[in-house]
Amino acid sequence: MLKNDTHEVVIGLEIHAQLKTNSKAFCSDEVAFGASPNTLVSPVSLGHPGTLPVHNKEAVNMAIMLGLACDCDIRKYNSYSRKNYFYADLPKGYQITQLDTPICNGGGIEISLPDGTSKWINLTRIHMEEDTGKGIHDLDISNTLMDYNRAGTALVEIVTEPDFRSGDEAYAFLMEIRKLVRYLGVCDGNMEEGSLRCDANVSIRPLNSKDFGTKVEVKNMNSMSNVKKAIEFEFQRQSKMALSGEEIFSETRSFDAMKGTTFSMRSKELVNDYRFFPEPDLPPLIVNEDWIKEIKDRMPALPKELLIRFTSEYQLGNYDAEILTESKDVADYFIATCDHLKNFKGVANWIMGPVKSWVNSHASSIDKFPLSPKSIAQIISYIDEGLINFSVAEQKLFPALLSNPDQEVSQVIDNLNLIQTGDEDFLHQLIREVLSENASKVDEYKAGKTGLIGMFMGQIMKKSGGKADPKKTKSLLVELLDN
Ligand code: ADP
Ligand code: MG
C-alpha cells in the first residue's frame with residue numbers, strides 16, 4: 001500500500017496492446033515494426049474517400065482469446081463507433097473503436113506481489129480499436145515528420161477498475177499482462193517499442209474514505225518501472241496539494257523520464273468532444289458459441305494452469321515453478337525435456353542453471369538455444385546413472401555439445417572419454433600419487449584432522465579429469481589412509 005499519515009493512492013490502468021496480426025484491423029496492409037516510413041499504407045488506412053473497412057477476423061479472435069484468459073464475458077452483439085478528432089497522426093480524422101459495446105466485459109487477473117501475497121484485480125472491459133500513425137519529432141529540427149505505417153493496426157484496450165493501491169501493484173499487473181499476451185501470442189508485449197502502452201489514472205483519498213478523489217491521467221511511460229515511478233511521483237505531488245488545501249483537478253499529464261516527474265498536458269475541461277457516433281461502414285459483429293469454442297480449443301495452457309501442473313504433476317517447488325512458467329518457451333522446453341525422463345527436479349535445475357546461463361550470456365531466448373530437450377535429458381540421465389559427474393557434464397560435455405549441437409551426446413562423451421570409472425587399479429594409482437604429493441597432510445590426517453579428506457578428494461578428482469567415480473574413490477581413499 002502506498003499511503004502516508006493522511007492519504008492513500010487509488011489507481012486504475014488503461015493498457016493498449018497492439019495485436020500481432022499479419023495485417024491491419026480493417027484492411028490488408030502489412031503490420032511490421034521498423035519498416036521504411038509510409039511503405040505499409042493503402043487508401044484504406046490513409047482514409048481516402050470511398051474506401052471501406054473490413055474487420056480482420058484474426059484481430060477479433062485475439063481479442064476473444066485474451067478475454068477468455070481473463071475470465072471476461074464475451075459480448076455476442078458487437079458494434080463499432082467513430083471517435084472523431086483532428087490530429088496529424090490520424091489520417092481518417094476519426095478512430096474506429098468500441099464505445100459502449102466492448103467485446104469483453106468484467107473478468108480480472110490475479111497478481112503476485114513482492115511480499116509473497118497475491119491480489120485479484122478486476123477488469124472493467126477490453127475493447128477493440130485501431131492505432132494511429134506516429135509523429136517523429138527528433139529527425140528534423142523544424143518539422144514533425146509523419147509515418148503512417150502504424151495507422152490502422154489492430155489494438156485492444158484493457159481497462160481496469162480502480163483497484164490498485166500502490167505502484168508495485170500496477171507494476172505486478174503489467175508484468176502479468178505482458179506474460180499473458182506473450183503466452184497467448186496476441187501481442188509481443190514490448191513496452192519500449194510501444195506495442196504495449198499504459199496510461200495510469202491516479203487519485204488520492206483520505207485514509208478510510210470510501211469515496212474516490214479526482215483522478216489525473218498520466219501518459220507516455222514507456223517502461224513498467226516508469227509507470228511505477230510516475231504513480232509514486234503523483235502520489236507525493238497530490239498529497240502535497242491536498243495538505244496545502246489546493247484543489248486537485250482532472251487533467252492529463254505526461255511523464256518526464258529524465259526528471260522522474262509529471263507535467264500537465266491538458267486539463268480535462270479543454271478536452272475534445274469526440275462526437276462519437278455508430279460506425280456506418282461496418283456491420284455489427286456477431287460472436288456465437290461455436291466461435292468461442294473454436295478459440296477455446298486452440299488456446300494454449302495459461303501460466304496459472306502451468307503453475308499448478310508444474311507443482312503437482314512435476315512436483316516442483318513454487319519458486320522453480322514460477323521461474324519455469326515465466327515464459328511459454330521456457331515452460332514448453334521444460335515439458336519437452338521431462339517427456340524423456342523422470343528426474344523432473346534435475347530438468348528444472350539444468351534449465352535454470354546451465355541453459356539459463358547460456359541464454360543470459362548470449363542475450364538470447366530459449367527458442368534460440370541450440371540443444372534439443374532430448375540432448376539435455378540425455379545429459380541428465382548419464383549423471384543420474386552415475387556414468388559422468390555433474391561438473392564434468394557442465395564444464396566439458398555441455399560446452400562441447402554447444403559447439404557442435406548436431407552431435408549425439410553419447411558420441412561426445414566417447415570422444416572426450418568422459419565416462420567415470422570405478423576401476424580399482426586406476427583409482428589406487430591416482431590416490432597413491434596424491435597422497436605421496438601431500439605427505440605432511442597425510443600425517444596431519446592421521447593425527448586427527450579428518451576434515452582433510454575433502455582436500456584429498458578434490459585433488460584426486462582433478463587429476464582424474466573428473467573421471468573418477470567419487471563414491472568408489474572415497475571408500476578406497478579412506479581405506480588407504482586408515483591402514
Ligand atoms: P473517464 O470517464 O475519464 O474515461 P473512466 O471512469 O472511464 O474515466 O475510467 C477510466 C480509468 O480511470 C479506469 O481505469 C478507472 O479504473 C480509472 N479511474 C476511475 N476513477 C478513478 C479514480 N478516482 N482514481 C483512480 N483511477 C480512477
Ligand atoms: Mg472512459
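All ligand and atom numbering here is 1-based and tracks the order in the structure. As the structure is a computational prediction, the values presented were derived from the model and not from experiment.
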Note: Leu13, heavy atoms under 4.0 Å from ligand 1, region reported as backbone
Counting heavy atoms under 4.0 Å, the part of Glu161 that contacts ligand 1 is backbone
Run the side-chain contact (heavy atoms from CB on, under 4.5 Å) check on Ser45 and Lys24 step by step: do they pass? CA-CA 8 Å; Ser45 54; Lys24 292 185 181 176; 3.7 Å; yes
The atoms of ligand 1 lying under 4.0 Å from a heavy atom of Phe212, numbered in the order shown, are 23 (N)
Inset, instruction - Please confirm whether Asn201 comes within less than 3.5 Å of ligand 1 when only nitrogen or oxygen atoms on both sides are compared. - result: yes
Note: Glu232-Lys229 ion pair, threshold 4.0 Å (strictly below): no
The option among Lys215, Glu14, Glu217 carrying the non-hydrogen atom nearest to atom 19 (C) of ligand 1 is Lys215
Inset, instruction - May I ask you to decide whether Arg82 forms a salt bridge with Asp281, counting only side-chain N to carboxylate O separations under 4.0 Å? - result: yes
Item checked: Contact check: Thr214 vs ligand 1, nitrogen or oxygen atoms, below 3.5 angstrom -> no
- Any N/O pair Pro162/ligand 1 closer than 3.5 Å: yes
For residues 314-321, please give each side-chain donor-acceptor pair under 3.5 Å, one per line with the distance, not counting sequence neighbours.
unit_1 : atom_1 : unit_2 : atom_2 : d
Tyr314 : OH     : Arg309 : NH2    : 3.1
Asp320 : OD2    : Lys345 : NZ     : 2.6

State whether Tyr274 and Lys83 meet the cation-pi test: NZ (Lys) or CZ (Arg) under 6.0 Å from the six-membered ring centroid, and within 45° of the perpendicular axis. yes
Within 4.0 Å of some non-hydrogen atom of Gly213, the atoms of ligand 1 are 23 (N)
Check: Can the ring centres of Trp350 and Phe334 be said to be less than 6.0 Å apart?
Finding: no
key: Lys/Arg-Asp/Glu bridge criterion (N-O < 4.0 Å) met for Arg298, Glu58   = yes
With heavy atoms and a 4.0 Å threshold, my read on which part of Val159 contacts ligand 1 is side chain
If we number the atoms of ligand 1 from 1 as shown, the ones under 4.0 Å from a heavy atom of Val10 are 24 (N), 25 (C)
